[in-house]
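Chain A is the first sequence line, chain B the second, and so forth, proteins listed ahead of strands; every chain is numbered from 1.
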2 protein chains.
Amino acid sequence: MSRWEPDAPGRLQLAAFELYTERGYDQTTVAEIAARAGLTERTFFRHFADKREVLFNGGDRFRATIVDHVLAVPASATTLEVVTAGIQAAGSVFPDRDTIRRRQALLHANPELQERELSKLATLATSISQALRDRGSPATTADLAAETGVAVMRIALTRWIEDPTERPWRTHVNTTMAELRQLTA
Amino acid sequence: MSRWEPDAPGRLQLAAFELYTERGYDQTTVAEIAARAGLTERTFFRHFADKREVLFNGGDRFRATIVDHVLAVPASATTLEVVTAGIQAAGSVFPDRDTIRRRQALLHANPELQERELSKLATLATSISQALRDRGSPATTADLAAETGVAVMRIALTRWIEDPTERPWRTHVNTTMAELRQLTA
DNA sequence: ACGGTCACGACAGCAACTGACATCGTATTG
DNA sequence: CAATACGATGTCAGTTGCTGTCGTGACCGT
């Protein structure tokens with residue numbers, strides 16, 4: 001019999017998500033999250049840097065997936081095609097629509113959480129830009145392509161979530177990219 | 001003789017900017033800022049929502065300038081031209097290069113401040129998108145154009161700041177926009 | 001068996017932020 | 001002109017996010 005129950009971070013994540021949705025983010029204290037997970041407040045901060053970070057855990061895997069796919073595209077592709085491929089790949093790590101919907105609703109209701117989300121997307125853009133440079137793109141092009149790519153991803157995500165006909169991720173990415181091309185034509 | 005020295009918010013802003021640059025953001029307490037401004041901590045929070053907000057005061061005017069110019073462009077222009085015009089106009093409310101450089105250095109050194117900056121840029125994008133819709137653009141196009149426009153602005157700003165030959169704002173906006181067009185060609 | 005490590009608890013403390021109430025020049029009103 | 005309302009600030013107490021420090025006990029390798 002081990003001294004502690006396993007997977008403390010996972011329990012904390014679950015407890016936090018539940019409490020944030022039940023009572024709201026501001027109305028939840030870290031002590032309450034820890035209590036529900038059977039832990040102490042101090043332990044929460046050993047696993048997560050702050051009260052928001054507990055909601056952004058898959059971020060690293062998400063970023064890695066996109067970067068990997070960006071690096072895997074044949075050299076013959078255009079920069080924008082490369083970015084598109086990376087964003088397409090992001091769909092493979094999405095959980096089901098409803099989980100994302102609930103998550104987005106949470107973020108939408110709390111400015112602090114939105115800020116953190118934007119911050120994560122910004123570092124994602126930086127990673128994509130770096131990957132593009134590793135492929136040989138000039139720095140300026142890489143930055144611009146990464147930023148617009150993330151913008152496209154955000155918009156496509158909103159549409160994907162709200163689409164009543166539940167068309168696949170791929171479709172919404174392509175549609176949004178097509179609009180981007182038309183915009184600059 | 002009035003009861004208090006005038007322009008409490010201005011004094012707080014100045015004190016905050018000085019202390020943030022002198023000692024660093026984390027090493028500065030709100031009580032210290034208030035003390036330098038000849039006020040109390042409580043009064044600081046009456047003028048600014050939090051410790052970061054004191055650095056983002058011109059934001060409303062900035063946004064208003066861009067939106068006004070977006071709305072003023074003749075209807076014959078393309079969506080991207082409209083956005084470009086708005087971003088060009090942003091240059092008129094910039095202070096001198098060195099002030100912005102110091103400001104950007106401050107933001108760059110503090111993740112919390114970066115998050116707030118991203119948040120401000122996101123609401124800027126929302127405002128631009130709304131202005132585009134008011135001009136008659138479809139919602140989807142407006143969102144995309146606004147997001148990419150802000151991305152272009154960010155990149156152009158970095159280049160403008162770092163440009164050793166000190167070419168004008170307009171030049172960097174045009175250059176970056178041209179790259180965007182080339183990217184999607 | 002023994003020492004080290006690792007994950008956690010316990011406790012103290014700082015600083016960001018908030019609510020309630022007091023203060024007193026200044027504008028307003030009768 | 002006097003009474004009164006108002007508006008910006010001070011004062012104080014309290015909550016909460018977050019950190020440093022130290023202790024504890026199960027596990028692991030030697």
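- Look at CD on A:Glu53: it is 12 Å from P on D:dT19, rounded to the nearest Å.
- The 5' end of DNA chain C is approached more closely, in terms of each residue's nearest nucleotide, by B:Lys51 than by the other of B:Lys51 and B:Arg46.
- A search for side chain to side chain contact (heavy atoms under 4.5 Å, CB included) contacts involving A:Thr28 returns A:Leu19, A:Tyr20, A:Arg23, A:Glu32, A:Ile33, not counting sequence neighbours.
- Within residues 23-34 of chain B, no residue has any heavy atom closer than 4.0 Å to DNA chain D.
- In this structure, CZ of B:Arg42 is placed 12 Å from C1' of D:dA13, rounded to the nearest angstrom.
- A salt bridge is defined here as a Lys NZ or Arg NE, NH1 or NH2 lying under 4.0 Å from an Asp or Glu carboxylate O, and A:Arg97 with A:Glu162 fails to meet this definition.
- Contact annotation: A:His47 reaches the phosphate of C:dC8 (side-chain N/O to OP1 or OP2, under 4.0 Å).
- Across D:dC18, C:dG9, D:dG10, the shortest atom-to-atom separation from the side chain of A:Phe45 is found for D:dC18.
- Using a 4.0 Å cut-off, some side-chain N or O of B:Arg52 falls inside it from OP1 or OP2 of C:dC17.
- The nucleotide whose nearest atom lies closest to any side-chain atom of B:Glu41 is, among C:dG19, C:dA16, C:dC8, C:dA16.
- At whole-Å resolution of the value, CG in A:Leu39 and P in D:dT24 are 20 Å apart.
- With no hydrogens or angles considered, a side-chain donor-acceptor pair links A:Asp96 and A:Thr99 at under 3.5 Å.
- For the pair B:Asp50 CG and D:dT16 P, the computed distance is 19 Å after rounding to whole Å.
- Counting to the nearest Å, the C1' atom of C:dG9 and the CG atom of A:Leu12 are 14 Å from each other.
- Rounding to whole angstrom units, CZ of residue A:Phe44 and P of D:dG17 are separated by 9 Å.
- With respect to the salt-bridge test (charged N to carboxylate O, under 4.0 angstrom), the residues B:Arg116 and B:Asp50 qualify.
- One interatomic measurement links the two molecules: CD of B:Glu112 to C1' of C:dC17, which rounds to 14 Å at whole-angstrom precision.
- Partners of B:Glu5 according to the salt bridge (Lys or Arg N to Asp or Glu O under 4.0 Å) rule, which considers only residues two or more places apart in sequence or in another chain, do not exist here.
- A cation-pi contact links B:Lys51 to B:Tyr25, judged by a cut-off of 6.0 Å to the six-membered ring centre and 45° from its axis.
- Between A:Thr40 and C:dG9 there is a side-chain polar atom (N or O) within less than 4.0 angstrom of OP1 or OP2.
- Put simply, the side chain of A:Arg3 and the base of C:dG9 share no donor and acceptor less than 3.5 Å apart.
- Comparing C:dT26, C:dC8, D:dG7 by their closest approach to the side chain of B:Trp4 singles out D:dG7.
- Taking the ring centre of A:Phe17 as origin, the terminal cationic atom of A:Arg103 falls outside the region bounded by 6.0 Å and 45° from the ring axis.
- Contact annotation: B:Thr43 side-chain N/O to D:dA8 OP1/OP2 distance is not under 4.0 Å.
- In this structure, the CG atom of B:Asp7 is 19 Å from the P atom of D:dG7, given to the nearest Å.
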